[in-house]
Amino acid sequence: MRILVINGPNLNMLGIREPDIYGRVTYDALCEKIKAHAAEKGIDVALYQSNHEGDLVDAIQQAYGNTDGIVINPGAYTHTSVAILDALKAVSIRAVEVHISDVDAREAFRRTSYVRLACEKTISGHGINGYLEAMDYLAGGNG
Ligand code: CA2
């Protein structure tokens with residue numbers, strides 16, 4: 001099974017600022033955790049991060065035909081991007097939305113998610129473990 005893990009804007013800053021909201025694990029350490037988990041579960045994983053909406057759309061489109069599942073944390077584009085929603089719908093790849101923080105317990109604008117409309121499941125507020133849970137869900141394990 002091949003899974004693409006996509007992270008949107010500012011998630012490359014993980015562990016550098018706002019540790020009270022996003023924890024102390026850096027983006028590089030998150031990638032290592034995801035790769036180690038994938039190896040343990042026999043998942044072929046690819047990782048992508050961009051701060052640019054169109055690049056995220058391109059990454060989703062490029063997954064068409066070669067990827068079984070997408071784990072996506074679109075960052076702030078969660079709350080604004082019809083383009084990312086449309087890309088997920090266009091490729092019709094099973095997807096899980098992940099948020100490190102509990103978006104429903106923060107500002108009202110974070111309660112809106114366009115991307116959610118194309119996702120089977122949302123995992124929010126489980127910290128970086130949310131990514132691993134999303135992979136397990138797509139791989140048919142304990143999700
Ligand atoms: O909780 C999440 O994972 C979010 O997707 C993170 C986004 C935020 O806009 C969403 O509402 C919820 C922001 C990511 C910013 O990450 C930072 C990491 C370190 C320091 C500052 C920002």
Open item on the list: Could you check whether D68 pairs with R94 (Lys NZ or Arg NE/NH1/NH2 to Asp/Glu carboxylate O, under 4.0 Å)?
Closed with: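 Not counted as a salt bridge, because no side-chain N and carboxylate O are separated by less than 4.0 Å.
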
Task: A118 to L88 - nearest heavy-atom pair and separation - done: CB-CB, 3.7 Å

- [ ] Write down the atom of I60, the atom of V91, and the distance for their closest heavy-atom approach.
- [x]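 Of all heavy-atom pairs spanning I60 and V91, the closest is O-CG1, 3.4 Å.
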
Gap between atom [atom2] of [Y] and atom [atom1] of [X] - 0.5 Å precision:
X	Y	atom1	atom2	result
N73	E97	CG	CD	8.0 Å
N51	N7	CG	CG	10.5 Å
R24	I16	CZ	CD1	12.5 Å

TODO: Begin from the C-alpha positions of R116 and V103 and carry the test side-chain contact (heavy atoms from CB on, under 4.5 Å) through to its verdict.
DONE: CA-CA 12 Å; R116 189 165 303 175; V103 282; 4.1 Å; yes

Are any of the side-chain heavy atoms of [X] and [Y] separated by less than 4.5 Å?
X	Y	value
I3	I70	no
L138	M1	yes
D20	E18	yes

Check: [Y] main-chain N/O paired with [X] side-chain donor or acceptor under 3.5 Å:
X	Y	value
Q49	G8	yes
T67	G69	no
T78	G75	yes

Open item on the list: Which residue is it: T26, I100, V25? I am looking for the one with a side chain to side chain contact (heavy atoms under 4.5 Å, CB included) to L14.
Closed with: I100

- [ ] Go through L47 and C31 one step at a time and tell me if the side-chain contact (heavy atoms from CB on, under 4.5 Å) criterion holds.
- [x] CA-CA 7 Å; L47 290 137; C31 291; 4.1 Å; yes

Open item on the list: If only side-chain N and O atoms count, and only distance matters, is there a donor-acceptor pair under 3.5 Å linking H126 with D102?
Closed with: no

Open item on the list: For F109 and H79, take the angle between the two ring planes, folded into 0 to 90°, and tell me which bin it lands in: parallel under 30, tilted 30 to 60, perpendicular over 60.
Closed with: perpendicular

